[in-house]
K.L.:
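Handing you this structure, nothing more for now.
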Amino acid sequence: YLQLLVDSVGVDLQVHDTIDGQRLVPYQAAVSRPAWSTVAGKVLEAFRIQRGAYRRVHQVSSAPRLQVDVPGRFLPYLRVQEEGVSGYGARVTGTFLDFRETS
C-alpha cells in the first residue's frame, strides 16, 4: 500500500518488505532514512488526506496510522525438516537445499 501511495504523489521512494533478508509483518514497510527525509512531507500530507477520507467513508473516528522509526516486526522463519520437503525431494544440507533429480 505504501508504495502505491508514494507512487500516486509522484515521489521516488523504494518501499521494502524485508530488512536484512527478514520479511516484515504485512502491516510494516521499510524505507531508506535519507530517501525518506527528502519526501516525508509530501507523503505524510497525502496520508493525512487519505486518513480523513477513510474516516468519512467508514464513518469511524479512527483510521490507519503511519509511524516512523519503529522497530521492525518480522514473520517467523519457515523451517524445512531434515527429512526433506514432501514431494520435492529436497533435504537440508548445512544451509543449502539439495534437490535430487527425477527421471
Side-chain angles (χ1 to χ4, degrees):
Y1 166 78
L2 184 57
Q3 186 68 64
L4 292 173
L5 177 68
V6 165
D7 292 345
S8 74
V9 296
V11 296
D12 185 27
L13 181 68
Q14 284 285 92
V15 179
H16 305 278
D17 62 355
T18 61
I19 297 176
D20 295 331
Q22 290 185 287
R23 187 163 305 280
L24 292 161
V25 292
Y27 53 85
Q28 283 192 330
V31 298
S32 154
R33 283 180 202 265
W36 175 252
S37 66
T38 63
V39 301
K42 202 169 188 181
V43 174
L44 291 172
E45 177 60 16
F47 194 78
R48 183 190 67 76
I49 293 167
Q50 183 273 335
R51 280 177 50 97
Y54 180 96
R55 287 191 299 268
R56 280 190 302 282
V57 167
H58 295 285
Q59 299 177 359
V60 294
S61 59
S62 63
R65 294 177 298 165
L66 183 62
Q67 296 177 304
V68 179
D69 274 337
V70 297
R73 297 187 65 189
F74 301 98
L75 294 174
Y77 283 112
L78 297 176
R79 295 179 184 258
V80 178
Q81 296 180 4
E82 290 293 327
E83 63 270 9
V85 179
S86 176
Y88 292 100
R91 91 184 142 82
V92 177
T93 305
T95 59
F96 299 95
L97 285 176
D98 290 331
F99 291 91
R100 64 174 183 256
E101 291 187 29
T102 58
S103 47

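The figures here come from the full heavy-atom set of this structure, side chains too, leaving out hydrogens, waters and symmetry mates.
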K.L.:
When you group the ILVMFWY residues by side-chain heavy-atom contacts below 4.5 Å and let the links chain together, are Leu13 and Leu44 in the same group?
P.N.:
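Yes, it is one cluster - the side chains of Leu44 and Leu13 are joined through contacts under 4.5 Å.
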
K.L.:
May I ask you to test the Val6-Val39 pair for a side-chain heavy-atom distance under 4.5 Å?
P.N.:
no

K.L.:
Report yes or no: do Val9 and Ile49 belong to one cluster of Ile/Leu/Val/Met/Phe/Trp/Tyr joined by side chain heavy-atom distances under 4.5 Å?
P.N.:
no

K.L.:
Below 3.5 Å, can you tabulate the donor-acceptor pairs from side chains in residues 52-68 to any protein atom, sequence neighbours excluded?
P.N.:
residue	atom	partner	partner atom	Å
Arg56	NH1	Gly52	O	3.3

K.L.:
Side-chain atoms of residues 22-33: list all donor-acceptor pairs with protein atoms under 3.5 Å, sequence neighbours left out, distances to 0.1 Å.
P.N.:
residue	atom	partner	partner atom	Å
Gln22	NE2	Tyr77	OH	3.4
Arg23	NH1	Asp17	OD1	3.4
Arg23	NH1	Asp17	OD2	2.5
Tyr27	OH	Arg73	NH1	3.0
Gln28	OE1	Arg73	N	2.6
Gln28	NE2	Pro71	O	3.2
Ser32	OG	Ala35	N	3.4
Arg33	NH1	Asp69	OD1	2.5
Arg33	NH1	Asp69	OD2	3.4
Arg33	NH2	Asp69	OD1	3.4

K.L.:
Quick one: do Arg48 and Glu45 make a salt bridge, cutoff under 4.0 Å?
P.N.:
yes

K.L.:
For residues 5-15, which residue pairs pass the side chain to side chain donor-acceptor pair (under 3.5 Å) check, not counting sequence neighbours?
P.N.:
Gln3-Asp7

K.L.:
Are Tyr1 and Val15 grouped together when hydrophobic residues (ILVMFWY) are joined by side-chain heavy atoms under 4.5 angstrom apart?
P.N.:
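They do share one cluster, since a chain of ILVMFWY contacts under 4.5 Å joins Tyr1 to Val15.
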
